[in-house]
Amino acid sequence: MKNAKPDTGSSFDDFLREEGLFDEASAKALKCALAEQLEEGMVPVKLKKVTMEQRMDTSGAQLDRVPNPENTSIQLDTLIRAAHAVGKDVEIRLKPRVRRPAALRVALI
């Protein structure tokens, strides 16, 4: 059955862009996803925080910043060491931005 109400208005991403919040929201979402993957990697091997600090050769304070979504300025080398500590590799890629046609960007009034 076809949806009786076609999409009207802009997407939430468009709203965030208009408000100047898109980049910050994207960074926090990405950080949350990475932290979740690291925590999931710690569970099967029962990796404790102290062992993680030793494997990363870092302090507890720095390790605490890794999963914190409010702190989006994690350095790549820290992220790589954290991933290696749980037996994972980091893969980063850039992809083209998908832009919706202007005709589809209609604001609700």
Side-chain angles (χ1 to χ4, degrees):
M1 182 173 176
K2 190 175 178 182
N3 187 355
K5 281 188 165 183
D7 288 336
T8 58
S10 60
S11 71
F12 188 63
D13 288 352
D14 290 340
F15 168 77
L16 291 173
R17 283 186 184 96
E18 289 169 11
E19 297 296 315
L21 301 172
F22 182 79
D23 290 341
E24 180 182 349
S26 295
K28 286 181 180 182
L30 180 58
K31 181 79 179 282
C32 285
L34 290 170
E36 185 177 306
Q37 289 179 42
L38 288 171
E39 289 172 1
E40 287 173 355
M42 292 172 71
V43 172
V45 292
K46 298 179 181 165
L47 190 61
K48 304 283 185 210
K49 182 178 174 182
V50 174
T51 307
M52 185 85 165
E53 290 172 22
Q54 292 169 344
R55 288 184 181 183
M56 290 178 60
D57 190 29
T58 192
S59 67
Q62 186 174 8
L63 183 58
D64 288 340
R65 287 190 293 269
V66 172
N68 181 352
E70 295 302 317
N71 183 350
T72 56
S73 61
I74 186 171
Q75 292 183 314
L76 286 176
D77 63 329
T78 303
L79 177 60
I80 290 168
R81 287 196 324 268
H84 288 173
V86 297
K88 305 238 182 226
D89 285 321
V90 174
E91 181 179 287
I92 299 173
R93 66 185 173 93
L94 299 177
K95 63 180 189 173
R97 288 181 69 187
V98 177
R99 295 217 179 248
R100 293 176 29 193
L104 296 178
R105 288 188 234 137
V106 179
L108 292 176
I109 299 176

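Positions are given from 1, in the same order as the sequence printed here.
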J.: Would one find more than 12 heavy atoms of other residues, nucleotides or ligands at under 6.0 Å from atom NZ of Lys49?
T.: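 Atom NZ in Lys49 is packed in, count exceeds 12.
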
J.: Is a donor on one side and an acceptor on the other found under 3.5 Å between the side chain of Lys28 and the backbone of Thr72?
T.: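 No, the answer is negative, given that no donor and acceptor are paired below the 3.5 Å cut-off.
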
J.: If you take all heavy atoms of Val90 and Ile92, which pair is closest and at what distance?
T.: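 Heavy atoms only, the tightest pair is CG1-CG1, 3.8 Å.
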
J.: Is any side-chain heavy atom of Met52 closer than 4.5 Å to a side-chain heavy atom of Val86?
T.: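 Yes. Closest side-chain heavy atoms under 4.5 Å.
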
J.: When rounded to the nearest 0.5 angstrom, what is the spacing between CG in Leu34 and CD in Glu39?
T.: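 Atom-to-atom, Leu34:CG and Glu39:CD are 11.0 Å apart.
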
J.: Test of understanding: with side-chain contact (heavy atoms from CB on, under 4.5 Å), list the residues that count as partners of Asp77, not counting sequence neighbours.
T.: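 Applying side-chain contact (heavy atoms from CB on, under 4.5 Å) to Asp77 gives Gln75, Arg81.
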
J.: Check Met56 against Ala85 and note the closest heavy-atom contact, atom names and distance.
T.: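 The answer is CG-CB, 4.0 Å.
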
J.: Report yes or no: does Thr51 contribute a side-chain atom to a donor-acceptor pair with the main-chain N or O of Leu47 at less than 3.5 Å?
T.: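 No, because the side chain of Thr51 does not come within donor-acceptor range (under 3.5 Å) of the backbone of Leu47.
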
J.: Is there a side-chain contact between Gln62 and Arg65 (heavy atoms, below 4.5 Å)?
T.: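 Side-chain contact under 4.5 Å: yes.
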
J.: Give a yes or no on whether Val50 and Val66 share a hydrophobic cluster (residues Ile, Leu, Val, Met, Phe, Trp, Tyr; joining criterion: side-chain heavy atoms under 4.5 Å apart).
T.: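 Per the 4.5 Å side-chain linkage, Val50 and Val66 are not co-clustered.
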
J.: Do the side chains of Thr58 and Thr78 get nearer than 4.5 Å, heavy atoms only?
T.: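 The answer is no; the side chains never approach within 4.5 Å.
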
J.: Show, in sequence, the C-alpha distance, side-chain angles and deciding distance for Glu24 and Leu16, and conclude whether the side-chain contact (heavy atoms from CB on, under 4.5 Å) test is met.
T.: CA-CA 9 Å; Glu24 180 182 349; Leu16 291 173; over 6 Å; no

J.: Should Val43 and Leu38 be regarded as members of a common hydrophobic cluster, given that ILVMFWY residues are connected when their side-chain heavy atoms come within less than 4.5 Å of each other, either directly or indirectly?
T.: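 No: no chain of side-chain contacts under 4.5 Å links Val43 to Leu38.
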
